[in-house]
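Report on the following structure.
Note that these values count all heavy atoms, side chains included, but never hydrogens, waters or copies made by symmetry. Every chain is numbered from 1 and lettered A, B, ... according to where its sequence line falls, protein lines coming before strand lines. Quick caveat, the model's predicted, so the values are computed rather than measured.
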Protein chains: 2
Amino acid sequence: MSTVQGARARARTEITAAIKDEARKQLAAEGAAKLSLRAVARELGMVSSALYRYFPSRDDLLTALIVDAYDAVGEAAERALAQAAPADAPAERWVAVCAAVRTWALAHPHEYALIYGSPVPGYTAPEATVGPASRVGLVLIGIVRDAHQARGIAVPRLAPQLRGEAERMAAEFAPGLPPAVGPALVAAWAQLFGLISFELFGQFHRVVEERDAFFAHAAAGLAASVGLVLPGE
Amino acid sequence: MSTVQGARARARTEITAAIKDEARKQLAAEGAAKLSLRAVARELGMVSSALYRYFPSRDDLLTALIVDAYDAVGEAAERALAQAAPADAPAERWVAVCAAVRTWALAHPHEYALIYGSPVPGYTAPEATVGPASRVGLVLIGIVRDAHQARGIAVPRLAPQLRGEAERMAAEFAPGLPPAVGPALVAAWAQLFGLISFELFGQFHRVVEERDAFFAHAAAGLAASVGLVLPGE
DNA sequence: ATAAATTCGAGAGCACTGCTCTTGCTTTGG
DNA sequence: CCAAAGCAAGAGCAGTGCTCTCGAATTTAT
């Protein structure tokens, strides 16, 4: 609806986009802590109070950038999956998606820190972020589901006291997969970002040198942990 | 040396400690972003400029808190290892240490975010933080080394192109262990904090419900990934 | 013990921040 | 055509990190 808008509405969407673009530029340059509403307004040739017509507060601007960042990394993951050769083994597609997420993170460190570092505004993420935030996870789930339906997977081990939780997880976002895959997938998902965060936040300084190879190896280990097996095994 | 100090030096160390304590209190209450030098000074009954006699900038105060936080989480890990029953299987001690780190993180979320969230001051961590930052990793290495010398471990798989890197890692901080353990340990170390960060930063919201059991299960998986085997296997 | 050197706390001040409120101007819809 | 709503601008408030200067206190050297 409303592909043709009045002059005012059109200006509003354009200015909103310009504000987000300039804010993203400052975010990439200096980090979230130094993102200043006044500097954004100054760069856009307007006065700071005018900016509040578009974003009610600095945190709301940051939230908009968070949503965009989730969408960007999610799209990177989805593109990596789409570009993978259809004949590739599931484990190879898993590693390709992980590598794409890492590549995006290395290219956009401050945006990555915004979404997977400490949550800077408030303590709980706004509701608008939950959808975009799950895109990477959905891609990973899809790989395992396809593998399970095609050639089958090696069902991970499951602690007995986690049986109920695993069944809930599987029913909720991995229907059709063995329950034990649920916790394994969630753990691998979190662990993937542990690897990326440690590399990006400097914990691998003087610890990991050949980072590409190390990450590929670790990502392959994650694939194995969710039941994906490499061709030669 | 100099256990007895002049009145001035004694006052200096006391005031420095008081500043750090008050700063830690504000950090715990509101987070690093809202830690204010002026508020700390106000609470201590001094004027803000006086505080610069003790810390040359806000970032230096934060760095001091970072070092303390690394020491605190490292000590928590070391205590958990020391308190574990000596007859415990290595995998059980591994899980106990991981659980201790998680418990500390849940009890001190803002301090955890300070060290394992996005690095807020500058981009590379100050040199003074590298020592304390490695304490948790050293504990984990020690468990695997003890297990290897006692009952032996299941040597992890190793990608061929990571051979050289693995030998360097083993020589540098895991002498005596099979090279393949090096990358596996580093990966497990990073993945452990991925699990904790996701839980703490809200990514597990509506995803993981029984968090204690889930974490224990995932930590046992990490133990297995570095070659520690549970007794009943 | 006295003089010099150093350390310290206080205050004023600068440049900056997020945010609010009021004042006119422009676009919109009846 | 005109009232209503949306909008940019400016002034202003409370707060921030940080610098500089100036007396007072303490340490050190003579």
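- In this structure, the side chains of A/L65 and A/R24 come closer than 4.5 Å at one or more pairs of heavy atoms.
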**Prompt:** When every nucleotide of nucleotides 22-30 of chain D is labelled 5' to 3' by its protein contacts under 4.0 Å (heavy atoms), B for base, S for sugar-phosphate only, - for none, what sequence of letters results?
**Reply:** ---BBS---
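- Closest heavy-atom contact between A/L114 and A/L62: CD1-CD2, 3.9 Å.
- Here the options are B/Y70, B/W189, B/F201, the test is ring-ring contact (aromatic ring centres under 6.0 Å, His included), and the partner is B/Y116; only B/Y70 passes.
- Under the side-chain hydrogen bond (donor to acceptor under 3.5 Å, both in side chains) criterion, B/D146 pairs with no residue, sequence neighbours left out.
- Proximity of residues 38-47 of chain B to DNA chain D (heavy atom under 4.0 angstrom from any strand atom) is restricted to B/R38, B/R42.
- Residue A/S57 is classed as a sugar-phosphate contact, given heavy-atom separations below 4.0 Å to backbone atoms only.
- Between B/L61 atom CG and D/dG17 atom P there is a gap of 10 Å when expressed in whole angstrom units.
- Among all heavy-atom pairs drawn from B/V101 and B/A77, the shortest one is CG2-CB, 4.1 Å.
- Side chain of A/S118 to backbone of B/S118: a donor-acceptor contact under 3.5 angstrom is found.
- The residue among B/L37 and A/R12 whose nearest nucleotide of DNA chain D lies closer to the 5′ end is A/R12.
- Where DNA chain C meets chain B (any atom under 4.0 Å from a heavy atom), the bounding nucleotides read 5' to 3' are C/dT7 to C/dG13.
- Taking atom OH on B/Y52 and atom P on D/dG17, their separation rounds to 6 Å, with Å as the unit.
- Here B/L35 lies in heavy-atom contact (under 4.0 Å) with sugar-phosphate atoms only.
- A straight line from CZ of A/F55 to C1' of D/dC7 spans 16 Å, rounded to a whole angstrom.
- Taking the side chain as every heavy atom from C-beta outward, A/I15 and A/M46 approach each other to under 4.5 Å.
- Rounding to the nearest 0.5 Å gives a distance of 11.0 Å between CG of B/D212 and CG of A/L162.
- Legend: residues meeting side-chain hydrogen bond (donor to acceptor under 3.5 Å, both in side chains) with A/Y112, ordered by chain and number and at least two apart, are A/S197.
- For a distance-only test at 3.5 Å, the side chain of B/S36 fails to qualify as a donor-acceptor partner of the base of D/dG17.
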**A/L195/A/L222 under side chain to side chain contact (heavy atoms under 4.5 Å, CB included): CA gap, chis, key distance, verdict** = CA-CA 11 Å; A/L195 291 167; A/L222 290 179; 4.1 Å; yes
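- Between A/L106 and A/L200, the shortest heavy-atom contact is CD2-CD1, 3.4 Å.
- The number of heavy-atom neighbours closer than 6.0 Å to CZ of A/R211, taken from other residues, nucleotides and ligands shown, is above 12.
- Listed nucleotides: D/dG10, D/dC18, D/dA8. Nearest to the side chain of A/I15: D/dA8.
- Distance check: A/F214 CZ to B/Q161 CD gives 13.0 Å after rounding to the nearest 0.5 Å.
- Contacts of residues 17-28 of chain B with DNA chain D (heavy atom under 4.0 Å): none.
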